[in-house]
Amino acid sequence: MIPLHWYLWLGSIVFCIGIFGFLAKRNIIIMFLSIELMLNGVNISLVALSHYMQDLRGEILVFFIIAVAAAEAAIGLAIVVSLFRNRTSPHVDEIRELKG
Amino acid sequence: MNFTDIHTLMPEIVMAVLALAVLLSELVIRRKETVGLLAIVSVAVTAYFIPTSFGTVFNGMFISDGYSVFFKFIFFTCLILTVLISSRYLEIERSSHGEYYALLMFATLGMMLMASAGDLIVLYLGLELMALSLYVLTGFIRHEYRSNEASLKYFLLGAFSSAILLYGIMMIYAQTGTTDINTISSVLTEKKATVSLLLSVIFLLVAFSFKIALAPFHMWTPDVYEGAPTSITAFMSVGPKAAGFAVLGRVFLVGLYPLQINWIPLLIGLSILTMAVGNILAIQQRSVKRMLAYSSIAHAGYAVIGIIAGGNEGVSAMMNYLLIYMFMNIGAFSILILMRSEDFLGESLDDFKGLAKTHPLTAGLMLLFMFSLTGIPPTAGFIGKFYLFKAAVGAGYTWLAIVTVIFSAISAYFYLRVVIYMYMHEPEGEAVSLSGSPSLGLALLISALLVLFIGIYPSPFISFARIVTG
């Protein structure tokens, strides 16, 4: 049987790839995908933990995360579409009317 | 579970049903102000179910106690004031759609769930419901690029911070075997503080800092607050922030209380940094809206002191501060909305030049709110800060109270600069034409009266907060 910590490592590696993608890439769509990767890293860990601890909470949380992620993707893409109607560029560096 | 548990959940159920009803009513009601009125009535109906809702149900997943009820009171007032200041403003921005009010109600529902969450799963769901509604509301003026951009920035950083929150929840779950906040607390009392536990605390702290805009996780705030519709900026800087504080208090002062020694230094660091960043960067802003964004960062830094001080005293001081901050901040944003007209932005400091000559009443109200935000007696802002300092000194953080006083002295510079522009400069060019409406006037009246009332006679509010936390 595969030990628990392998899954946890896998989850944390996927999560870190997501963080790296979010911080390093400048394309909005890739940044979305990176956030999904982060969420799925969490999902892998939660499902593994839930299975090994014989506890349902983790799996319940995973279902909620998947549902929320779907809603989030819908809203995110809607925001991008409305942004593109006014200006057509997928690069965040060009979105800088408001100076941070 | 038995069916009587429903009583505790009744306010949330009613709110959800009525929010859907408001969403549908938009199809048949032509006048959008009526939809706004429906939203206000819904809040009143929901509030009617609050007194019978006390209890802990669904195996501790949902808690309705004095603490959550106080926060729900803040959210309801915030929603009503926001609806009042919105209707005319949305017409000026040519974005008068009924969904606006439904989304505001969904955001409020999310905040109510956050305040009542006894479990990290419920907390996450409430937080997402609130955040998703707010992303849409931020980009509500679809034809305006600034609004789109603010919405996108808010969305990207909000989703990022939610992912970090989930990782923190996952780590807590891995180490305690539960997501129930009370059980986490009892499991942690028997555990030693290991590196991985501290790491999970840091993950949670970072995620919450994003939500309540503590430096160095505040970067999104000025942009989002500036780009969002002004009414939504007013809403966002009060309601969701208070909800963030509600969960911060619940998770850190209940769930992670056994690790208090470890997270207090972190929170103190964040608080001081937040006050420094908020107050110092606000000085160089020429836009009043952006200045108020930085000021809201600084005020989050003050309110965190209540959580650092902890205990009945600290928590009730924080709650009072958030309540008072709501009235003065929404008041200040209402003035900005009043200044906005079809072809005039009215956000720049220069637009306030000589306002006292042309519109003495508006200038007087702005003066009141600016004094209150600075913390000058006899306004409510002073009372809020006074009790926070008292709680900090009582918990043995006298030096922190002194640091806060210094920063709030710095803040006087940029708040009072608005007053100087209004009273000591001559008006330039054409006189500003105000776009008032009865509802906006009502919102201003409520905020101004309460700012003065709490400033002069604070004891009912103070004892209310003490009773509900005690």
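Letters A, B, ... mirror the listed sequences (proteins, then strands); counts begin at 1.
Here the side chains of A:Leu37 and A:Phe22 are not in contact, with every heavy-atom distance at 4.5 Å or above. Residues B:Phe235 and B:Leu134 are in side-chain contact: their nearest non-hydrogen atoms beyond the backbone lie under 4.5 Å apart. Taking 4.5 Å as the limit, every side-chain heavy atom of B:Phe217 sits out of range of all side-chain heavy atoms of B:Leu157. Counting heavy atoms from C-beta outward, A:Ile79 and B:Thr138 have side chains that stay 4.5 Å or more apart.
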Would you sort out whether B:Leu349 and B:Met291 count as a side-chain contact (heavy atoms from CB on, under 4.5 Å), showing the intermediate values? CA-CA 9 Å; B:Leu349 206 48; B:Met291 182 273 275; 5.8 Å; no

Should B:Ser196 and B:Gln175 be marked as a side-chain hydrogen bond (donor to acceptor under 3.5 Å, both in side chains) after you check the CA-CA gap, both sets of side-chain angles, and the distance that decides it? CA-CA 8 Å; B:Ser196 48; B:Gln175 286 161 88; 3.0 Å; yes

side-chain contact (heavy atoms from CB on, under 4.5 Å) between A:Met38 and B:Phe160, worked out: CA-CA 8 Å; A:Met38 290 169 74; B:Phe160 185 67; 3.5 Å; yes

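Between B:Lys289 and B:Pro229, the shortest heavy-atom contact is NZ-C, 4.2 Å. Closest non-hydrogen pair, B:Ile181 versus B:Ala117, comes out as CD1-O, 3.9 Å. Of all non-hydrogen atoms in B:Pro240 and B:Met111, the two that sit nearest each other are N-SD, 3.3 Å. Nearest heavy-atom pair, B:Leu113 versus B:Gly126, reported as atom, atom and distance to 0.1 Å: CB-CA, 3.9 Å.
With a threshold of 4.5 angstrom between heavy atoms, B:Leu281 does not approach chain A through any atom at all. B:Phe155 touches chain A through its side chain: at least one heavy atom from C-beta onward sits under 4.5 Å away, while N, CA, C and O do not. B:Thr178 touches chain A through backbone and side chain together, each having a heavy atom under 4.5 Å away. Within the 4.5 angstrom heavy-atom criterion, only side-chain atoms of B:Asp119, from C-beta onward, approach chain A. Using a 4.5 Å cut-off between heavy atoms, B:Leu132 contacts chain A through both its backbone and its side chain.
Among B:Asp180, B:Leu125, B:Thr221, the residue with the largest count of heavy-atom pairs under 4.5 Å with chain A is B:Leu125. Between chain A and the options B:Gly139, B:Ala131, B:Ser151, B:Gly158, heavy-atom pairs under 4.5 Å are most frequent for B:Ser151.
At a threshold of 4.0 Å, the pair B:Glu99-B:Arg142 does not count as salt-bridged, since none of the basic side-chain nitrogens sits closer than that to a carboxylate oxygen.
Scanning residues 42-56 of chain A against chain B with a 4.5 Å non-hydrogen threshold yields A:Val42, A:Ser45, A:Leu46, A:Leu49, A:Ser50, A:Met53, A:Asp55, sorted by number. Of residues 4-20 of chain A, those residues lying under 4.5 Å from chain B by any heavy-atom pair are A:Ser12, A:Phe15, A:Ile19. At a heavy-atom separation below 4.5 angstrom, chain B is approached by A:Phe64, A:Ile65, A:Val68, A:Ala71, A:Glu72 within residues 62-74 of chain A.
Every residue meeting the side-chain hydrogen bond (donor to acceptor under 3.5 Å, both in side chains) condition with B:Ser237, not counting sequence neighbours, appears here in chain and number order: B:Asn329.
Under the ring pair (Phe, Tyr, Trp, His ring centres under 6.0 Å) rule, B:Tyr154 has a single partner from B:Phe140, B:Tyr225, B:Phe210, B:Tyr135, which is B:Tyr135.
Atom CD1 of A:Ile2 is surrounded by 12 or fewer heavy atoms from other residues, nucleotides or ligands within 6.0 Å.
A donor-acceptor pair under 3.5 Å is formed between the side chain of B:His143 and the backbone N or O of B:Glu93.
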